[in-house]
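What you see below is based on every heavy atom in this structure, not just the backbone, and it leaves out hydrogens, waters and symmetry mates. Reminder, nothing fancy here: chain letters follow the sequence lines and each chain counts from 1.
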Amino acid sequence: MSQYRPGTRLYSAVCAAEVMVIKCAAAGEVACGGHPMSTAPVADKSGLDAALAEGVLMGKRYTDEADSVELLCVKPGRGSLSFAGEALKEKATKKLPSSD
Amino acid sequence: MNIATLLQMAAEAFPERGAFKCGDDEFTFGELWNAALIAAMRFQSSQCQHVAYLGEASPAVPIALFGAALAEMPFVPLNYRLSDGDLESLASRISPALMVTDRRLDFQVDGLALVGIKELLAAGAAETLEVPLDPEALAVQLFTSGTTGAPKAALLRHSHLFSYIISSVEFMSAGEDEAQLTSVPPYHIAGISAILSSVYAGRRVVQLPNFNAQAWLRLVLDEAITSAFVVPTMLARILSEIDAGASADCPALRAIAYGGGKMPVPVIEHALEVFPNVEFTNAYGLTETSSTVCLLGPEEHRQASASDDPQVRGRLGSVGRPLPSIEIEIRDQAGRPLGPNMSGEVYVRGPQVSGEYREKRLVDDDDDDGWFATRDAGMIDEGGYLYLSGRADDVIVRGGENVSPGEVEDVLLVHPSVSDVAVVGVPSKEWGEAIGAAVVLEDGVAGDEDALRAHVKARLRSSKVPEYIRFVRELPYTETGKLLRRLVKADFQ
């Protein structure tokens, strides 16, 4: 399986979620709500697994334990994100004072 | 990965929220996105390869910046203070280009087309455009001020600016009442990063095209400004205005960030007294690093100014610690990493670091793992705080000993007769380089060379005492507060 290129936009097959690949240093598949995400918008969205419906929040970054993948949510949705079968977690960020 | 996505997200989340205001021109995030789409279509149909902007700050700057990003063309803001001759040579380096400007140019360059600033501000209907995805496409090209020769074209790719924003700004973290006052010109990296940060944070921006302290204080009050970015010379002028009787009462103002040049410690100490309820943040960054890489935050300002411990207090003169996504190292002249408290050159690494010029790529990913040599001299203390001491090229080599101008300047600045000072190397038969100090005196004070030398000698090694002292009316700065050391040096020869 090939790796995703940074900048790639991925669309959920089960909800409104869209994410952008910020970093991807390993092979694996990004899924949302239990279904692989697609590089093109999906017209018929269905099949959200109720056990994988924690939701993705706009502007939040999601990573795996090994920090091999990082996704930015650019459109919120109801599904949960995973990479290579591992559930992704919201990246912990330190609040910084504005410097510009 | 494209910076237009940042605006698209803001426009989807809060289309009705105010985004930019300059004089009578006002745009919400929704309107700004619409105007950027219209601009992008215009840029795409122009057959140009660059979008230049020549003019003062206006909502047309973000419109052209995001429009160029959508059209996948580099945005090239130009310094409106340049002569037509200098502009002609820059224009010929970017043509075919579309230049957004209201200025009448007395030259013609093949492939250069002009568009009026007002035309970008006009309302209209936009078609939707897909945001391009290529993270390696050029987003912004900034010409350096050319203090050491012909201006170099620094290149920032979408990946650099995008990484900087998402790792340093929380999406839509600004409250609806927040308003940011920006007075840095559009052709400065801080002018670009101010736009991107505020858009992603959902913070309204009020632009002040031509900084003066009076207008700044009035806008802070009239627009209920909550935060502002200033270069050190601007802060010094604001404080002088207040010292001369202007009111410092800015009830809404909560935060001031400063950067773009060295902040004299007496100025920031004075600012903390004048604005006791304002949080101060010092930001260190370069054009080649997409703006900020190091921060000294509000809490650190408070701790330092309240402390009697000289090391903690000394942190007011530091630029703070690196952003979480940034690594910093101090290296010697051979490129070997140095330990704490040892002076050398500052190296930076991180996803926002470009280090790339049209003429030359300074970051070599293969050989040097993405480290960028900033040419800034400095050291890091045990607490991880970075202290800058000037440009590596400005270090004075006196009889084999390295003397950093900043160290001598800091000492002279605390002398009560000194208002401003620049220390430079002066050619010397005996030492190779001797130390020269150009001193601006406080009003009504007579200059006393011996007193100043005694003052330095009491605090530093005798080899760091200036051999030559000149009293001058003022020092040469660029409009963004960068000291033109080359000119100070020339006056000693």
Interchain contact, D134(B) with chain A, by part (heavy-atom threshold 4.5 Å):
side chain

Side chain, backbone, both or neither: which part of L323(B) has a heavy atom under 4.5 Å from chain A?
side chain

Give a yes or no answer on whether the side chain of Y62(A) reaches the backbone of L57(A) with a donor-acceptor pair at less than 3.5 Å.
yes

V353(B) side chain near H160(B) side chain, heavy-atom distance below 4.5 Å
no

So, applying salt bridge (Lys or Arg N to Asp or Glu O under 4.0 Å) with R204(B), which one of E176(B), E223(B), E178(B) is it?
E223(B)

Would you kindly say whether T292(B) and Y164(B) are connected by a side-chain donor-acceptor distance under 3.5 Å?
yes

Expected output: side-chain H35(A) to main-chain A13(A) donor-acceptor under 3.5 Å:
no

Can you see whether S291(B) engages D100(A) through a side-chain donor-acceptor pair at a distance of less than 3.5 angstrom?
yes

Given that the side chain runs from C-beta out, which part of M58(A) has a heavy atom under 4.5 Å from chain B: side chain, backbone, both or neither?
both

So for A255(B), is it side chain, backbone, both, or neither that comes closer than 4.5 Å to the heavy atoms of chain A?
neither

Check each atom of L72(A) against the heavy atoms of chain B and say whether the ones under 4.5 Å are side chain, backbone, both or neither.
side chain

Taking the six-membered ring for Trp and the full ring for Phe, Tyr or His, determine whether the centres of F29(B) and F14(B) are under 6.0 Å apart.
no

Quick one: of R5(A), R61(A), K94(A), who has the most non-hydrogen atom pairs under 4.5 Å with chain B?
R61(A)

Would E18(A) and R9(A) pass as an ion pair if we require N to O under 4.0 Å?
yes

Do any of residues 294-303 of chain B come closer than 4.5 Å to chain A, heavy atom to heavy atom, and if so which ones, in number order?
L295(B), G297(B), P298(B)

Part of K60(A) lying under 4.5 Å from any heavy atom of chain B:
side chain

T63(A) and D67(A): side-chain donor and acceptor closer than 3.5 Å?
no

So, the part of T93(A) with a heavy atom under 4.5 Å from chain B: the answer is side chain

For Y200(B), is it the side chain, the backbone, both, or neither that has a heavy atom closer than 4.5 Å to a heavy atom of chain A?
side chain

Contact origin within Q180(B) toward chain A - heavy atom pairs under 4.5 Å
side chain

N/O donor-acceptor pair under 3.5 Å between S80(A) side chain and E54(A) backbone
yes

Which of P324(B), S167(B), A201(B), G260(B) touches chain A most, by non-hydrogen pairs under 4.5 Å
S167(B)

Examine whether an atom of S193(B) lies under 4.5 Å from a heavy atom of chain A, and if so say whether it belongs to the side chain, the backbone or both; otherwise answer neither.
both

Just how far is it from atom OG of S198(B) to atom CZ of R203(B), taken to the nearest 0.5 Å?
4.5 Å

Whether R17(B) side chain and G202(B) backbone form a donor-acceptor pair below 3.5 Å:
yes

Is K91(A) close to chain B through its backbone or its side chain, or both, or neither, when contacts mean heavy atoms under 4.5 Å?
neither

